[in-house]
Amino acid sequence: MAKMISLTIDGHPITVPEGTLIVNAAKQIGIDIPVFCYHPKMEPVGMCRQCLVEVGRPMIDRVTGQPVMEGDKPKIGFGPKLETACTTPISEGMVVLSQSDKAKASQKEILEFLLTSHPLDCPVCDKGGECPLQNLTMAHASPQSRFLFDEKHHAEKHVPLGDLIWLDRERCIQCARCIRFQDEIAGEPVLAFYQRGRATDIITNSEPGFDSVFSGNTTDICPVGALTTADFRFGARPWEMKAAASICAQCPVGCNVTLNTRREAKSGGKVVIKRVMPRQNEAVNEIWMCDKGRFAYHFTEDANRLAKPLVRKNGKLETASWKDAIEEIGKKVQGNKGEVVVLASGRLSNEDLFNLKQLADGLGGEALLYTHMGGGELTTSFGIPAGTNFSGMGKETTILVVASDLYNEAPLWFLRLKQAAERGATLIIANARETKLERYSKFAVRYSYGDEAETVSGLTKKNKIGEAITAAENLVVLYGSDGLGLDGSAAVAAACAELVKGRLGKPKNGLIGVWPRANDQGAWELGFQPADNLGKLLKGKTVYVVAADPAGDDPKLEAALKGAKFVAVQELFLTETAKLADVVLPAQAYTEREGSFTSGERRVQRFYPALPPRGETRADFAIIAAIAKELGLELEGRSASLVMDKLAASVKTFAGVTYRKLAETNEQWPIVGRGDLYYGGTTYENKQGLGVQLALNAPAPIPSISVEFLRPDEDQWLAVPITRLYDRGITVSTSELLRAHIGEATVLLHPETAKKLGVAAGGQVKVNGFRAEVRLDATVPASVALLPRGLGFPINAPAVAELKKA
Amino acid sequence: MLAEKYPEEVKKIFAKYPPEQKRSAVMPLLYLAQRDEGFVTKAALEDIAQMLDITSTDVAEIVGFYTLYHDEKAGKYRMQVCTDLPCALRGADKFLEELCGNLGVKVGETTPDGMVTVEAVMCLAGCDKAPMFQIQSPDGIAYHDNMTVDKTMELVAALRKSGKEVK
Amino acid sequence: MAHLLLRHRDIPDIGKMDVYEKNGGFEAFKKAVTKMKPQEVTDSVKASWLRGRGGAGFSTGLKWGFIPKDIWPHYVVANADESEPGTFKDREIMESNPFQFLEGVAIAAYATGANAAYIYLRGEFWPVAAILDEKIADMEKAGFLGDKLFGTDFSLRIYTHLGAGAYICGEETALLESIEGKRGQPRIRPPFPAVYGLYGKPTVVNNVETLTNVPLIVEKGSDWYKSLGTADSPGVKIFSLSGRVNQPGNYELPFGTTFRELIYNYGGGIIDGRPIKAIMAAGASSAMIVADDKALDTPMDYASVRALGADLGSASVIVIDDTVSLEWVISKTIHFFKHESCGKCTPCREGTYWMLHLIERIENGEKTKETVELLHSVARQMLNKNLCPLGDFSTMAVTTAIERFPADFEASAAGGEHG
Ligand SMILES: Cc1cc2nc3c(=O)[nH]c(=O)nc-3n(C[C@H](O)[C@H](O)[C@H](O)COP(=O)(O)O)c2cc1C
Ligand code: SF4
Ligand code: FES
């Protein structure tokens, strides 16, 4: 325990741990000392000088070493200079005056200096309305400037730093928050200052510009309107927008976000999302989010969204009423109950999946999870228990990451593991290729594709690594599907589970799956399982596909579906799968309804409706309930919270979970939002719930899975699937901004491999007949071709492939 | 590539700093990079970034901060005349003006033959020897103390003739 | 008296190893390493009350004593940035009496337990660095640098590091950032370099001239050293004299020599015999001293100059005569500081820029009372709010020129050019 120190700030007594900075001590008792450069998540730099306050300390007699007394109180000595509250730690008996005439005058004077160069273009500035500089100016600055407007520093106003972030050089106040964020927090120092003095400017030299998946966060912490997103620029004024709490649905991290919406003429009078902002959850995403989550929301408002049910008549899908569509399904299912296959993905909420599972069980059919990654039954029983999150991890924890490229698969976990490592956690990365996180690891284990599970099993036998794993007070293992398919990842999961099984139920210990979808963990918890012979399983069956597009992903699955007896598809878009369905049901996007997701950390989190539903769309759980009713089953469909009540009553790990509980919050540090945006940035305060971590299932037997080891011949290559953050998935490709980041179907080759094939970077090859563009990457093992999933090439598991120059 | 072109120099530079503090080598490496063109090319930024395992943005910020690194081509010789207070008290401003007149350029400009760029700079620690300037060339930096316009013109003539700097 | 620091003026070729050795060179270093404990060396420097010659005048021995014994390694850094306008003493020492300086570096390293020392030279000192590199190589050859010196366990390497044109890198924390390969911007203090310095390790930063004194103290003792100069400021000091004097240059004199002696006896008086008007004792960072008889007869030591409402700083004495308008002088200093502000903190970055606009307006004829007052007020507003002293330095000449030479800022006064 840190020593506690007592002091007074503006007359208020407070006791805080030793080392606390004045600014933070003040914040805790509701005193907002103005800051620009200071940010509670970063090291103080004391640059902007806005936070100058008077600081007095008890005077010590030089001769006796005793405090000098004034009556019965120690005499307080004030230095000739004000001190920066953001860099000065508190000390015993300190007296801080942030509101004295001297301190206030200084704050006003610094503001005047800042405004000499500032263009004061608030009326056209995106930050207007939530701008710390504007707010402080309103509160403190003199109405008349002593600085001649004509003498203002002029600089470029519209500088694209990359295609996502724009810079207005005139508005920049040189606080370096963006530079320091990229450097300290993101670990991607691609921003810097150029020149010096008044000429100081932000630059980036990266190719492409501002090359970081965390770039959007800089716009939240920029205390002026210097950095704005290309997406929101000139989009709306902050006060015109409504805010709805939500959860990012792009990956298993489950970042807490806020959707800002407004009704606008430009969008035909519709309510649309204008931007996605992070919402504080220190256990999940702190106050950050990645660019995919921030910019990939446009799908919900895409013009091609399904709005009405469709029923196939005379070979063609035609608009139908809900009643007809559901009756049609009822008719087709009625006689084939035992043959029903429900195929759903982790895009759905817990409530949807629960109802689906009930439906499948009630019909005696099967509920399958559509995914390329296995092992989830192990994360439900050997997973991390409540009270586990990365923010508390440091020296006493070992974190092992197997077969996952977190930067691409779960960017916020990348960020949080990096920080855990910096706090002293032992990070071990095992992968067949170098990934970005390796830079922060203590140990890197390299294996050949196919050797994953065996490598994991052998880790404890390695000297130092073995000790780091077995002797660690806490051990968290994350595994993913980098280079792996269903079997491979299930085998890895089993090997990883062996490592943590002795630590069952101990907080800060356990297994985490780096799932491809936001609610895969929820699906596993609710009893969904994938099938590795999906093609065969679908043939001749009555199939109900929800939130998945197997036909679009894989021609083999398309063929299988074509051979099904009956296909009903519930979707947002007319996907390839929907196109071949007999009945298509239009679902609401998660932004239009209530629900909850279970994150990879087994945290159930609520999202709230932000937009009115599209056309006649309905919430998935409600549609499922309607179908159930048609088939004589009683399922809850009235509201998501009622479904959750049923769910919690019947699924053990969810016991006790209610919507009210999910909405509980407690005070988080740092305090963000509220009155002063200059402290934490424009990140939203979390008033809607921090979520609940699930209990663990009874331990399941750990299966032993053997995977066929692929050994390509001389002239063959091993084609290996990997995940790229920006793929062609519907959520990304509907975002105009991100489209440029997706690119063509690509194959990543080692330069030597490419040379052998006679292709250069940018050249074309054919992989098993599919065309792909070549990118060179020295981290790719020789004779291996890495194929990003979801970029047009149907690959879910490693395969031997033929590679030819095209 | 600096490491290939100047292997000896690069080795010497790295030897100065603890192995885990490679970044310290950025300033000497930038001087080395300026040898070729008189300024730091984009390719050199990338090259140095790779050698030091930092981003090229991190290298660029160094070029931007320090005045002896240049991001644009100028004359082969940068004649940097001190016009700061102590030198100016001894006629440096006048010297610079006359010199520019003689060379037919304005401050900041380069002679048409591309040999000399005249610049006005801050104190060079030669205050007692004003007027004075330094010449920054691909080979380094050299002081020229107690100068007159005539002496300077002779120096320029010699530079033009030999392509080399003479003291 | 023979020169103690500028010894090359008495002994030709003292910059050569054999000559330096013949004249007692490296005896002090050898004595320290073989006969004294590091603490004894520090104590003796402390007892000499040697004060840093880089400007702040802080006790060198005290500074060495702050180096913690539980964090390793330690570093010594010699500050050879010498960029204060009007300062040119370190250059002469390094060019002409390099070994005495290097010996001082070596002793400082021994006293503080450093096995590596860096000499940070301003980029313009390229040829000086070349000289030092040569001398360092000589020392290695002669066994004064390298492993296990004089048969003890003490090893030392000295390296030069060139800056690249930035006055701010003379500020010690900016200097350390610069060696680390970053922009030369000051760090927040505390922690001070003695605890968190180069590469985050305990580091002593000393000025070239300071270090050049050290061999003398080790050799001849602190009592001898204290017998020179004044009680407040013992020892000798190199005064860099520049501006409107007949014989500008470096003058090594005991502390306590008066301005008048420096300017008239040593500096040969004012050009053309004109009346002296103002003195800047600490380069461009100085407050303006009105050069009346009282000032001229003030002994140059830290305390006495402070009593004149100025600082001795690095003792770079710039002399201004009656041909010069102070408005022009501060225009020069403002230009300088505007150019050199690192831009890290608001008051300095914006204030120097604002002052520049105001002085330009004044020079362009808008010499109104309001503009001058605004300039004065902006300068005062900058004071005491900055991260490092540069911001404050930039205001010194401005406020004191306006306060102490009001006539030069009156509408009728001749402005623009000097002379
Ligand atoms: C803006 C600024 C510039 C400085 N320039 C120099 C310099 O050029 N040389 C120097 O020795 N000290 C300079 N100093 C002082 C150093 O920060 C530091 O105090 C000094 O190197 C300590 O050495 P000393 O104790 O031997 O004087 C400067 C300080 C400031 C604030
Ligand atoms: S006072 Fe000036 S030089 Fe010093 S840190 Fe601030 S901006 Fe930089
Ligand atoms: S200096 Fe304290 S907030 Fe910027």
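Quick note: numbers below take in every heavy atom, side chains included, and nothing from hydrogens, waters or symmetry partners. Below, chains carry the letters A, B, ... as their sequence lines are ordered, and counting in each starts from 1.
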task: May I have the step-by-step check of side-chain hydrogen bond (donor to acceptor under 3.5 Å, both in side chains) for C:Tyr199 and C:Glu180, ending in yes or no?
output: CA-CA 7 Å; C:Tyr199 307 129; C:Glu180 290 182 6; over 6 Å; no

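Interface residue B:Ala15: only backbone heavy atoms are found under 4.5 Å from chain C. Interface remark: C:Thr87 contributes backbone atoms only to the contact with chain B (heavy atom separation under 4.5 Å). Heavy atoms of B:Gln134 lying under 4.5 Å from chain C belong exclusively to its side chain. Heavy atoms of B:Tyr31 lying under 4.5 Å from chain C belong exclusively to its side chain. For C:Tyr167, no part sits under 4.5 Å from any heavy atom of chain B, backbone or side chain. Residue contact with chain B, scored on non-hydrogen atoms closer than 4.5 Å, involves the backbone and the side chain of C:Lys182 alike. Using a 4.5 Å cut-off between heavy atoms, C:Thr160 contacts chain B through both its backbone and its side chain. Looking at C:Cys342, both its backbone and its side chain come within 4.5 Å of chain B, counting heavy atoms on both sides.
Chosen from B:Pro18, B:Ala130, B:Ala25, the residue pairing most often with chain C at heavy-atom distances under 4.5 Å is B:Pro18. Chosen from B:Leu124, B:Val26, B:Ile13, the residue pairing most often with chain C at heavy-atom distances under 4.5 Å is B:Leu124. Among B:Thr67, B:Asp58, B:Ile54, the residue with the largest count of heavy-atom pairs under 4.5 Å with chain C is B:Thr67.
Cation-pi geometry between C:Arg122 and C:Phe125 is met: the NZ or CZ atom falls under 6.0 Å from the ring centre, inside 45° of the normal.
Under a cut-off of 6.0 angstrom, the local environment of OH in C:Tyr196 is sparse, with at most 12 non-hydrogen atoms contributed by other residues, nucleotides or ligands. Residue C:Glu140 places its CD atom among more than 12 non-hydrogen atoms of other residues, nucleotides or ligands, all under 6.0 Å distant.
Nearest heavy atom pair, residue C:Val319 against residue C:Ile270, reads CG1-CD1, 3.5 Å.
For the pairing with C:Tyr159, the ring-ring contact (aromatic ring centres under 6.0 Å, His included) check across C:Tyr118, C:Tyr75, C:Tyr120 returns one residue only, C:Tyr118.
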